[in-house]
Peer 1: 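Here it is, the structure in full.
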Amino acid sequence: MSKKIVKRSWAEPFKIKVVEQIKMTTRAVREKAIKEAGYNTFLLRSQDVYIDLLTDSGTNAMSDNQWAGMMIGDEAYAGSRNFYTLWDNVKKYYGMPYFVPTHQGRAAEHIIAQILVKPGDYIPGNMYFTTTRLHQELAGGTFVDIIIDEAHDPQKIHPFKGNVDLNKLDALVKKVGAKNIPYVCIAGPVNMAGGQPVSMANINELSVYCAKHGIKMWFDATRAVENAYFIKLREKGFADKTIAQILKEMLKPFDGLWVSAKKDLMVNIGGIFATRNKKVFDEARNLCVVYEGLHTYGGLAGRDMEAMARGMDEMVDFDTIKARIGQVEYCGNKLKEYGVPIVEPIGGHAVFLDAKKFLPHIKQIEFPAQALTAEIYLDSGVRGMERGIVSAGRNAKTGENNFPKLELVRLTFPRRVYTQAHIDVTVESVASVYENRKSIKGLKMIYEPKYLRFFQGRFEKLK
Ligand code: P70
């Protein structure tokens with residue numbers, strides 16, 4: 001009997017033209033490599049990695065159209081043609097009139113914090129992001145988490161786990177006063193929560209509240225098209241709107257935004273600072289010449305800006321986002337079949353393993369997510385990233401470790417890079433590590449840098 005058709009499969013809206021060879025390694029090679037890297041996957045050489053799921057940042061495959069754009073880079077020091085092309089697209093897609101290019105996202109975060117945050121200020125946000133929070137702290141501010149409680153529970157199902165709890169914001173306003181809150185910092189989707197989106201309804205409620213209290217809103221639009229995609233699929237009234245329309249609508253209430261272009265824009269480098277506020281813009285382009293380069297290149301080559309501009313045209317394509325998030329979902333659902341505990345709902349850019357549930361025998365201070373990340377690498381050469389206590393760092397005032405509720409390993413998918421077969425290999429590796437989980441030991445930190453310790457911290461295996 002022939003097989004009955006029960007569904008229609010779908011595939012990526014592109015085909016492969018250029019390939020990059022990757023190396024398969026032996027367990028012995030990986031044992032040596034991870035030990036030398038201090039059990040920190042950030043310190044591995046990429047030549048020792050088989051499938052690289054460390055990040056989706058700058059690791060994307062550019063299209064032929066983007067590569068063609070690289071050839072028409074105008075490398076003039078001042079007034080590059082590509083800068084103006086990019087600026088036009090910033091206006092077109094993000095709806096902001098003013099734009100300053102930066103070399104990547106954190107450079108824009110630095111400029112924003114320097115302009116808007118003064119010592120003693122509080123910056124509420126829908127969960128912290130490592131670099132964002134650090135720049136707020138370096139400017140003398142204190143970050144306050146106002147995300148809904150559901151976001152801190154890996155198994156809690158909620159369509160918009162990135163939403164703000166307005167009661168938490170109101171309590172902060174009552175406690176410290178609106179004048180000590182320079183802006184509310186919203187990211188969509190929320191990286192550290194598992195790539196969870198924020199709803200249009202929540203953004204609109206927040207904007208009513210902020211307008212009433214005279215508080216500005218700034219948006220981390222690093223993966224904003226993925227947020228728009230979730231709104232289209234999950235929120236009533238948006239099914240017939242395009243990603244570009246939803247993106248514009250999402251950003252309407254915000255005074256400004258920043259983007260790590262290394263994600264949505266599918267380029268290898270770049271950042272965006274954009275605002276509606278002329279005064280903030282003038283200050284930002286002035287700081288740009290101090291830290292980045294002239295305000296018409298911001299630390300980038302003309303060709304990079306052209307690739308960014310073309311990447312923007314591609315980022316709003318529904319089928320491209322569907323294929324990308326479809327891969328992430330495919331991976332997450334397969335892991336669930338093996339009983340592997342993951343953050344749910346499955347997010348936009350990555351599958352997050354719940355290391356607390358995966359390794360209940362390892363105390364949080366023995367770095368379960370860090371240990372699990374190293375163990376997956378050892379098993380197959382698949383490289384993920386710790387997103388738990390190491391990433392959460394220390395309290396800026398007391399110096400004590402922060403103990404986040406979420407202790408996660410992130411398997412992040414670069415855009416247009418890996419195939420479904422790569423995902424199968426990844427899933428099988430994680431499932432086999434899960435099967436042998438009881439034998440996994442915790443770690444001890446033996447070197448801790450002052451800032452963003454997850455990047456360069458070193459560990460040793462506990463006996
Ligand atoms: C990642 C990357 C970068 C990022 C982000 C959001 C929501 C800003 C930035 C900064 C790279 C990364 C950064 C810190 C720790 C680990 C990894 N996220 N906002 O892999 O942008 O890197 O361009 O300076 O996700 O998630 P940039």
Side-chain angles (χ1 to χ4, degrees), residues 40-44 46 52-60 100-113 123 125-138 143 147 151 162 185-198 218-227 256-274 291-292 298-300 304 308 311 324 328 347-352 369-370 373 383-393 404 406 408-415 417 449 451-457:
N40 184 349
T41 48
F42 279 105
L43 300 178
L44 287 168
S46 94
D52 202 352
L53 306 183
L54 182 72
T55 179
D56 61 338
S57 183
T59 52
N60 308 293
V100 181
T102 61
H103 78 278
Q104 59 183 79
R106 73 196 69 180
E109 290 172 341
H110 175 214
I111 290 173
I112 293 156
I123 307 96
N126 56 346
M127 200 175 271
Y128 84 100
F129 186 70
T130 52
T131 55
T132 318
R133 184 180 67 187
L134 178 62
H135 283 295
Q136 291 162 354
E137 288 173 353
L138 290 173
F143 169 82
I147 203 166
C185 170
I186 301 300
V190 182
N191 192 346
M192 301 300 283
Q196 305 294 335
V198 47
W218 278 70
F219 195 81
D220 181 342
T222 293
R223 298 181 182 83
V225 299
E226 292 169 17
N227 201 87
L257 59 83
W258 70 98
V259 182
S260 167
K262 302 170 75 172
K263 283 81 165 178
D264 272 357
L265 280 65
M266 295 176 279
V267 289
N268 305 122
I269 195 71
I272 290 168
F273 170 104
Y291 296 111
E292 296 289 292
L300 297 165
D304 298 327
M308 284 167 71
R324 182 240 186 331
V328 177
H349 63 307
V351 174
F352 289 72
Q370 187 80 27
T373 310
R383 167 155 76 171
M385 181 194 292
E386 193 264 10
R387 299 276 76 174
I389 182 170
V390 185
S391 298
L406 298 177
L408 311 173
V409 173
R410 192 182 77 174
L411 303 173
T412 331
F413 288 91
R415 295 160 191 79
V417 170
Y451 300 119
L452 304 173
R453 65 184 184 183
F454 53 89
F455 282 132
Q456 293 151 339

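Side-chain atoms are counted along with the backbone in the values below, which use heavy atoms only and exclude waters and symmetry mates. First listed ligand is number 1; within each ligand, the first listed atom is number 1.
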Peer 1: Got the closest protein heavy atom to atom 15 (C) of ligand 1, with its distance?
Peer 2: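 Its nearest protein heavy-atom neighbour is Phe454 CE1, 3.2 Å.
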Peer 1: State the CG-CD1 distance between Leu257 and Ile112, to the nearest 0.5 angstrom.
Peer 2: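 Going from CG on Leu257 over to CD1 on Ile112, the span is 8.0 Å.
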Peer 1: Does Thr132 reach ligand 1 with a nitrogen or oxygen that is under 3.5 Å from one of the ligand's nitrogen or oxygen atoms?
Peer 2: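 No - when backbone and side-chain N and O of Thr132 are compared with those of ligand 1, no distance drops under 3.5 Å.
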Peer 1: Heavy atoms only: which of Ser260, Gly271, Gly195, Gly188 lies closest to atom 21 (O) of ligand 1?
Peer 2: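 Among Ser260, Gly271, Gly195, Gly188, the closest heavy atom to atom 21 (O) of ligand 1 comes from Ser260.
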Peer 1: Please name the residue in the list Thr55, Asp52, Leu53, Leu54 that meets the side-chain contact (heavy atoms from CB on, under 4.5 Å) test with Pro414.
Peer 2: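 In the set Thr55, Asp52, Leu53, Leu54, the residue that makes a side-chain contact (heavy atoms from CB on, under 4.5 Å) with Pro414 is Leu53.
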Peer 1: Can you tell me if Met127 has a non-hydrogen atom under 4.0 Å from ligand 1?
Peer 2: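 So Met127 does not count as touching ligand 1.
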Peer 1: Keeping the roles fixed (side chain from Glu109, backbone from Thr132), state whether a donor-acceptor pair exists under 3.5 Å.
Peer 2: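 Yes, Glu109 side chain to Thr132 backbone: donor-acceptor pair under 3.5 Å.
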Peer 1: If you look at every heavy atom in Val409 and Ala369, which pair is closest and at what distance?
Peer 2: CG2-O, 3.4 Å
Peer 1: Can you tell which of Gln104, Glu109, Arg106 gets a heavy atom nearest to atom 8 (C) of ligand 1?
Peer 2: Glu109
Peer 1: Met385 near ligand 1, heavy-atom distance under 4.0 Å?
Peer 2: yes
Peer 1: Among all protein heavy atoms, pick the one closest to atom 11 (C) of ligand 1 and tell me residue, atom and distance.
Peer 2: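 Result: Lys263 NZ, 3.9 Å.
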Peer 1: Any N or O of Arg387 that comes nearer than 3.5 Å to an N or O of ligand 1?
Peer 2: no
Peer 1: For atom 4 (C) of ligand 1, which protein heavy atom lies nearest, and how many Å away is it?
Peer 2: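 So the nearest neighbour among protein heavy atoms is Phe129 CE2, 3.3 Å.
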Peer 1: Among all protein heavy atoms in this structure, tell me which lies nearest to atom 14 (C) of ligand 1, with the distance rounded to 0.1 Å.
Peer 2: Thr130 OG1, 3.3 Å
Peer 1: Would you say Thr41's side chain and Gly384's backbone share a donor-acceptor pair under 3.5 angstrom?
Peer 2: yes
Peer 1: Establish, yes or no, whether the cationic atom of Arg387 lies under 6.0 Å from the six-membered ring centre of Phe454 and within 45° of the ring axis.
Peer 2: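 Flagged: Arg387 positioned over aromatic ring of Phe454.
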Peer 1: Can you name the atoms of ligand 1, numbered from 1 with element, that are less than 4.0 Å from a heavy atom of Lys262?
Peer 2: 23 (O)
Peer 1: Applying the salt bridge (Lys or Arg N to Asp or Glu O under 4.0 Å) test to Asp56, which of Arg223, Lys262, Lys263 qualifies?
Peer 2: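 The passing option is Arg223.
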Peer 1: May I ask you to list the atoms of ligand 1 that are less than 4.0 angstrom from any heavy atom of Thr55?
Peer 2: 1 (C), 20 (O)
Peer 1: Please state whether the rings of Phe455 and Phe42 are parallel, tilted or perpendicular, taking 30° and 60° as the class boundaries.
Peer 2: perpendicular
Peer 1: Heavy atoms only: which of Thr59, Thr131, Val190, Asp220 lies closest to atom 7 (C) of ligand 1?
Peer 2: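 Result: the heavy atom closest to atom 7 (C) of ligand 1 is in Asp220.
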Peer 1: So, are Arg453 and Glu386 salt-bridged, with charged N and O less than 4.0 Å apart?
Peer 2: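 Answer for the salt bridge query: no.
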Peer 1: Using a heavy-atom cut-off of under 4.0 Å, does the side chain or the backbone of Arg410 touch ligand 1, or both, or neither?
Peer 2: side chain
